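For reference, the structure is listed below as structure tokens.
Each residue takes its place number in the sequence, starting with 1. Quick caveat: nothing in here was measured; it's all calculated off a predicted structure. All values below come from the heavy atoms of this structure, side chains included, with hydrogens, waters and symmetry mates left out.
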Amino acid sequence: MLKKERQIYILEKVKREGRAITNDLVEELGVAEDTIRKDFQELSKKGLVRRIHGGVLRMENNIIDFNERITMNPTIKQQLAMKATELISGKSVVYIDGGTTNLKFAESLPKDHTGTIITNSPAIALALCEYKNIKINWIGGKLDPVTRIIKGTSSIKQIEAMNIECCILGVSSLSPENGITFPSFGEAELKKELIARSSQIIVIANKEKLGSVSTFLAADISAIDILVTNETDERIIKSYSKRGPQVIVYDVN
């Protein structure tokens, strides 16, 4: 196999599985370990993958428009969101971060849910207007027209003055080795403050977000208290749980 063909194979594997491991590729392609390492080095220099010990991860640096994201895996997002609503029963102050999965979460809350919900998402705030027993607190700041979330210095300052009982954190990319990362510096900074001010962090993540990495770090995986996902591979689940989070798996497709 030529180098170009081999690197295409690696990129396709990373796109499909979120990662590529050196030992696996040595066996699959029948080449030397040093050859694979050189391929990883070249692909990493081009910004196509992120190197980790023993392999590479998928890079996620594109900020996808909200309207496009909301059409991606809607059934899986809905099912995960519905299951996750059980985790905030009895909590009086919950922050629901922006994101299409978190929008499904807000829409799936029991109609008799009582308490205060804080959000930086206009879509989530509007969805919650249907709930008579929920008090909605809106985070002000600059609206990003692509992600449809409020962020910026003003938002961060408001969060600095809060004590949040539970935060449903929106995420872009999750990796045991590289943590919680985002393609936008501003969004990563907002998430850092949310994590710092929240007693509990819950993340609802489709398995496609696992094993990927973006440019800007918000926190290590250990910052997550509960990870709700449809990933069923025990090896992958263990790679997260051993770093701190309780992983709750729902086998939805």
Would you say the side chain of [Y] lies within less than 4.5 Å of the side chain of [X], judging by non-hydrogen atoms?
| X | Y | result |
| --- | --- | --- |
| Thr119 | Ile139 | no |
| Leu194 | Ile164 | yes |
| Ile21 | Leu25 | no |
| Ile136 | Thr116 | no |
| Asp220 | Ile180 | no |
| Leu210 | Tyr240 | yes |
| Thr215 | Phe185 | no |
| Tyr95 | Leu169 | no |

Checking [Y] against [X]: is there a side-chain donor and acceptor pair closer than 3.5 Å?
| X | Y | answer |
| --- | --- | --- |
| Ser184 | Lys151 | yes |
| Glu33 | Thr22 | no |
| Ser214 | Ser173 | yes |
| Glu42 | Gln7 | yes |
| Thr229 | Glu231 | no |
| Ser92 | Glu165 | yes |
| Thr100 | Lys77 | yes |

_If you apply the rule side-chain contact (heavy atoms from CB on, under 4.5 Å), what do you find for Leu174 with Leu227, and how did you get there?_
CA-CA 10 Å; Leu174 295 175; Leu227 172 61; 4.0 Å; yes
*Does the pair Ile118 and Val94 meet the rule for a side-chain contact (heavy atoms from CB on, under 4.5 Å), with working shown?*
CA-CA 6 Å; Ile118 310 165; Val94 177; over 6 Å; no
*Considering residues, nucleotides and ligands other than Met162, do more than 12 of their heavy atoms fall under 6.0 Å from its CE?*
yes
_Taking atom CD as the centre, does Glu27 end up with more than 12 heavy-atom neighbours from other residues, nucleotides or ligands that are less than 6.0 angstrom away?_
no
Taking all atoms of both residues into account, what is the closest heavy-atom pair of [X] and [Y], and its distance?
| X | Y | result |
| --- | --- | --- |
| Ala123 | Leu103 | O-CD1, 3.8 Å |
| Ser175 | Asn178 | OG-N, 3.1 Å |
| Gly98 | Asn120 | N-OD1, 3.1 Å |
| Ile195 | Ala219 | CD1-CB, 3.6 Å |
| Ile204 | Ala84 | CD1-CB, 3.6 Å |

Give the cluster check for [X] versus [Y]: same hydrophobic cluster or not, with ILVMFWY residues linked at side-chain heavy-atom distances below 4.5 Å.
| X | Y | value |
| --- | --- | --- |
| Ile149 | Ile156 | no |
| Ile168 | Ile124 | yes |
| Ile76 | Met82 | no |
| Leu190 | Ile150 | no |
| Leu217 | Val56 | no |

*For ring-ring contact (aromatic ring centres under 6.0 Å, His included), just list the numbers for Phe182 and Phe216, CA-CA rounded to whole Å, side-chain angles, deciding distance to a tenth of an Å, and then say yes or no.*
CA-CA 5 Å; Phe182 297 86; Phe216 300 101; 9.7 Å; no
If I take atom [atom1] from residue [X] and atom [atom2] from residue [Y], how far apart are they, to the nearest 0.5 angstrom?
| X | Y | atom1 | atom2 | result |
| --- | --- | --- | --- | --- |
| Leu128 | Ser121 | CG | OG | 9.0 Å |
| Ile10 | Glu5 | CD1 | CD | 12.0 Å |
| Phe40 | Ile52 | CZ | CD1 | 8.5 Å |
| Lys38 | Arg6 | NZ | CZ | 10.0 Å |
| Gln79 | Ser108 | CD | OG | 10.5 Å |

*Which pairs pass salt bridge (charged side-chain N to carboxylate O under 4.0 Å, His left out) with one or both residues in residues 91-115, sequence neighbours excluded?*
Asp97-Lys191
For the pair [X] and [Y], find out whether any cationic side-chain nitrogen is under 4.0 Å from an anionic carboxylate oxygen.
| X | Y | value |
| --- | --- | --- |
| Lys13 | Glu28 | yes |
| Asp144 | Arg148 | no |
| Lys157 | Glu160 | no |

*asked:* What verdict does the side-chain contact (heavy atoms from CB on, under 4.5 Å) test give for Ser155 and Thr153, after you've listed the backbone C-alpha separation in whole Å, the side-chain angles of each residue and the deciding distance to 0.1 Å?
replied: CA-CA 5 Å; Ser155 301; Thr153 304; over 6 Å; no
*Could you walk me through whether Val93 and Cys166 pass side-chain contact (heavy atoms from CB on, under 4.5 Å), step by step?*
CA-CA 7 Å; Val93 180; Cys166 175; over 6 Å; no
_Set of side chain to side chain donor-acceptor pair (under 3.5 Å) partners for Arg19, sequence neighbours left out_ = none
